[in-house]
J.: 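Please see the structure below; I have some questions.
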Amino acid sequence: MDKKKILIIDDEEAFTRMIKLNLEATGLYEVSEENRGTQGVAAAKAVCPDLILLDIIMPDLDGMMVARNLKDDPATKDIPVVFLTVVVQKKETEGSSSIIGGYPFIAKPVNTQELIDCLGKYIK
Amino acid sequence: MESPECKQRPSLKFQVFNSPLYILWIIVLAVFFSELAVIFVVNLLTPYLRPDPFLHSILLLVFLFPALYFFIYQPLKFYHSQLKEAQNPSENDAELQKTLQEQKMKEIEVLANSVAHEVRNPLAIILQGIEYLKEKLKPEDKNVGLILEYIVDAIRRADNVIVGLLEFAHFSKFDMAPSDLNSLMEKTLSFMQIDFDRHRIRVTRDLKGDLPLVKMDKKKMEQVFVNILLNAVQAMPDGGTLNVKTRLKDSREGKRAVIIQIEDTGIGIPKESLDRIFKLFFTTKRERGSSGLGLAISSQIMRTHGGGIAIENRVGLPGVRVTLTLPI
């Protein structure tokens, strides 16, 4: 089975590295990581991932702007995006209404199983 | 958002004239000053005029009006407003307090979001790191696995505090609509039936029929019910009885309110803790993972609904009575 390509864009380098290690350890995913919004947009074009995990609060280009740039580009507009955010409560992510700006989101801290469930739900 | 400090209070102009005593005082002073003026000043200033006390009084009243205004009317006005505020806080004050409260909540929201960002990101890293280590270490020593579990548990507890703080802070997001309080209570009780069964707690209901709809945020109100019911469950570890009542109450001022009473037969609250139970982060159950946010949040939710919450130990009986008041 082909591994699903995941791109994680988050300014916390340790976090993206951990996610990469844990997801790749399952043997189901191939994870690319970026720690800047602008680099994330470029990586999305280059990698063409099956799903992007995107932090909201980032220093150079915030998650919303990254998502808008991705949406405006024909090469990346169809890639599903899931926001990773710290300012929501866990229960807000459980209902069907867990949407920020039209995108689904998942609350940090997240364990690997929750993340895998989320990926399974949104990867086309 | 407009700063409340910049918000002008409505003018109290002429409020002083509401009191006959003040009016009389002003007239007496005016006449007194006028007479003084007629006797000592006007005759000196206008020697060529035929003495006419009435005309001079009128003239002097006009001359003295600024003095009367600044030295008599203004202090009286100030005194009057202070007295009135002390006796009965005006609606303007209530509005000002509300604005200040809203501003405070906005600041808390910003603070909570910042704290969430600064704390949850490291927690997320630690959690992912622990999961990686759990997978890689596969420890022979079972204590290693146990310690990792302890760390995960500690992460969850720390995260729960942040979640509570976010809940406490996000009070601007209320979705108020007329709702049936009894059915919400029934829904919450059935949702918690598993907890009641597990702790052998018997639930009695005395819900008044035909309660009018109450304007509230159903999710927030359900959160209040859950917080109180969970406290009751924890207070009755060896079983007990939970009594839930709803009532309609008319106040002397003609205002109506729905009263919700939840009584348990548990261990009660230590007398010295009763004054502090609504304080943020105060808990007597820290060792059981309580964050001390539940009642603080519940109290805030009730206040935002214009209502209140009171908790007391039952007199002569075991347990606690929680009374929630919601205006209609």
Side-chain angles (χ1 to χ4, degrees), chain A residues 6 8-29 31 33 35 53-59 62-64 82-100 105-119, chain B residues 106 108-138 148-149 151-173 175 191 218-220 222-223 226-227 291 293-294 297:
Chain A
I6 307 295
I8 177 165
I9 308 169
D10 190 310
D11 61 325
E12 290 280 355
E13 192 181 339
F15 180 68
T16 56
R17 180 57 52 89
M18 294 290 180
I19 293 287
K20 179 180 169 67
L21 288 171
N22 284 330
L23 284 182
E24 288 188 344
T26 65
L28 300 171
Y29 304 100
V31 181
E33 46 177 324
N35 304 115
L53 290 168
L54 181 56
D55 187 20
I56 293 182
I57 305 167
M58 289 188 288
D62 70 38
M64 285 295 173
V82 175
F83 278 118
L84 288 159
T85 178
V86 291
V87 291
V88 293
Q89 299 145 40
K90 210 82 182 170
K91 64 185 177 190
E92 289 179 67
T93 67
E94 287 162 2
S96 55
S97 59
S98 52
I99 300 289
I100 297 176
F105 62 86
I106 188 161
K108 288 190 208 172
V110 58
N111 70 36
T112 308
Q113 191 52 53
E114 287 169 344
L115 195 56
I116 290 169
D117 292 344
C118 179
L119 297 179
Chain B
K106 290 270 178 205
I108 290 175
E109 189 173 339
V110 171
L111 178 72
N113 287 348
S114 303
V115 171
H117 185 255
E118 297 308 318
V119 176
R120 278 182 134 181
N121 271 323
L123 290 181
I125 293 166
I126 298 167
L127 185 64
Q128 285 293 318
I130 296 293
E131 293 202 330
Y132 181 78
L133 291 177
K134 269 162 77 177
E135 200 58 37
K136 288 288 168 190
L137 284 175
K138 300 212 182 295
L148 293 178
E149 284 302 323
I151 297 173
V152 171
D153 189 45
I155 292 166
R156 290 291 172 214
R157 276 169 54 192
D159 188 48
N160 279 340
V161 173
I162 303 297
V163 168
L165 198 60
L166 286 170
E167 282 179 9
F168 184 79
H170 290 176
F171 280 106
S172 50
K173 296 168 186 166
D175 185 13
F191 165 71
K218 279 174 79 173
K219 280 188 180 170
K220 302 277 185 198
E222 190 179 352
Q223 191 184 347
V226 169
N227 281 338
S291 61
L293 289 163
I297 289 169

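Heavy atoms only: backbone and side chains are in, while hydrogens, waters and symmetry mates are out. All chains are named by letter (A, B, ...) in the order of the sequence lines, taking the proteins before the strands, and each is independently numbered beginning at 1.
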J.: Provide the closest heavy-atom pair for B:G129 versus A:M18 in the form atom of the first, atom of the second, distance.
T.: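 The answer is CA-SD, 3.5 Å.
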
J.: Hey, mind stepping through B:H117 and A:I56 against side-chain contact (heavy atoms from CB on, under 4.5 Å) and telling me if it holds?
T.: CA-CA 10 Å; B:H117 185 255; A:I56 293 182; over 6 Å; no

J.: Tell me, side chain or backbone of B:L123 under 4.5 Å from chain A's heavy atoms, or both, or neither?
T.: both

J.: Check whether more than 12 heavy atoms from other residues, nucleotides or ligands sit under 6.0 Å from atom CD of A:E13, and answer yes or no.
T.: no

J.: Do B:E135 side-chain atoms and A:A25 backbone N/O form a donor-acceptor pair below 3.5 Å?
T.: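 Such a contact is absent between B:E135 side chain and A:A25 backbone.
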
J.: Quick one: which of B:N121, B:I126, B:I125, B:L127 gives a side-chain contact (heavy atoms from CB on, under 4.5 Å) with A:F15?
T.: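 Among B:N121, B:I126, B:I125, B:L127, the one meeting side-chain contact (heavy atoms from CB on, under 4.5 Å) with A:F15 is B:I125.
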
J.: Between CD1 of B:I130 and CG of A:N111, what distance do you get to the nearest 0.5 Å?
T.: 12.5 Å

J.: Got a sec, which residues hit side-chain contact (heavy atoms from CB on, under 4.5 Å) with A:D62, two or more places apart in sequence or on another chain?
T.: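 For A:D62, the residues satisfying side-chain contact (heavy atoms from CB on, under 4.5 Å) (neighbours in sequence not counted) are A:M64, A:M65.
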
J.: Could you measure the distance from the CG atom of A:L21 to the CG atom of B:L133? Nearest 0.5 Å is fine.
T.: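 Between A:L21 CG and B:L133 CG, I get 10.5 Å after rounding to 0.5 Å.
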
J.: Quick one: closest heavy-atom pair of A:P109 and B:R156, and the distance?
T.: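 That would be O-NH1, 3.8 Å.
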
J.: Return yes if some donor-acceptor pair links the side-chain N/O of A:N22 with the main-chain N/O of B:Q128 below 3.5 Å, else return no.
T.: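 A pair under 3.5 Å: yes.
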
J.: Can you confirm whether more than 12 heavy atoms, excluding those of B:K218, are under 6.0 Å from its NZ atom?
T.: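 Incorrect, the count does not exceed 12.
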
J.: Work out which heavy atom in A:V86 is nearest to a heavy atom in B:R120; give both atom names and the distance.
T.: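 The answer is O-NH1, 2.5 Å.
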
